[in-house]
Amino acid sequence: MSTLAIYPGSFDPVTLGHVDIVERSLGLFDEVIVLIAESSQKKGLFSISEKKEHLQDVFKHEKRVIIDVWPGLLMEYAGKKKANAIVRGLRAVSDFEYEFQMAAMNKRLRPSIDTIFMMTSEKYYFVSSHLVREIASLGGALTDIVPPVIEKRLKEKFKK
Ligand code: ADP
């Protein structure tokens with residue numbers, strides 16, 4: 001039987017930190033669904049359809065990665081797909097509290113599915129979508145921080 005993990009997030013935009021987590025997850029699971037969580041609270045820089053297109057582009061050579069969008073409860077989606085685990089990344093201690101709370105709540109909602117955490121690779125520990133948006137808005141270079149296609153899209157977005 002094949003194994004499936006779901007990697008949910010905002011991916012606004014996808015960074016090399018995210019890509020690293022997906023690639024490492026493929027070493028543990030047969031398939032990984034990168035799930036763009038639609039949040040009503042967060043107004044993104046990129047639209048859901050732009051983010052979907054970005055992720056499809058970044059992972060176009062990896063047949064074991066599927067990109068999807070879900071507006072509802074993550075654990076409902078995970079149950080529907082019969083996922084084996086949820087994958088999340090951890091950078092600093094500051095990520096821990098929120099992630100711990102989310103994982104505990106998700107476990108309560110669906111006890112059969114665990115959340116597993118991967119430590120960031122040391123070369124990406126400082127990379128966040130939030131900082132990427134800020135640097136891009138100020139015209140800074142993002143080589144080796146986001147995939148080349150994302151750097152291009154960011155430049156287009158902030159073109160004056
Ligand atoms: P959210 O808005 O739900 O935090 P993100 O798109 O920012 O979603 O991130 C999705 C997941 O990827 C989170 O678990 C986050 O901690 C993790 N992540 C983001 N950037 C990195 C990175 N540079 N290294 C490791 N994990 C990361």
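Atoms within each ligand, like the ligands themselves, are counted from 1 in listed order.
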Using a strict 4.0 Å threshold on nitrogen-to-oxygen distance, state whether E50 and K157 make a salt bridge. yes
Do D12 and ligand 1 have an N or O pair less than 3.5 Å apart? no
Mode of M118 contact toward ligand 1 - side chain, backbone, both, neither (heavy atoms, under 4.0 Å): neither
Are the side chain of D20 and the backbone N or O of L16 linked by a donor-acceptor pair below 3.5 Å? no
Can you check whether S129 has an N/O within less than 3.5 Å of an N/O in ligand 1? no
Looking only at distances, please establish whether an N/O atom of ligand 1 is found under 3.5 Å from an N/O atom of S128. no
Using only atom types and a distance under 3.5 Å, with no angle test, would you say the side chain of N84 pairs donor to acceptor with the backbone of L4? yes
Between R153 and E53, does any side-chain N to carboxylate O distance fall below 4.0 Å? yes
Heavy-atom contacts under 4.0 Å between Y125 and ligand 1: side chain, backbone, both, or neither? neither
Answer yes or no: does an N/O atom from G9 fall short of 3.5 Å to an N/O atom of ligand 1? no
Ligand 1 and V127, any nitrogen or oxygen pair closer than 3.5 angstrom? yes
Lys/Arg N to Asp/Glu carboxylate O, R64 vs D30, below 4.0 Å: no
Using heavy-atom distances only, which candidate in P8, S10, S94 approaches atom 8 (O) of ligand 1 most closely? S10
Min side-chain heavy-atom separation L55-F11 under 4.5 Å: yes
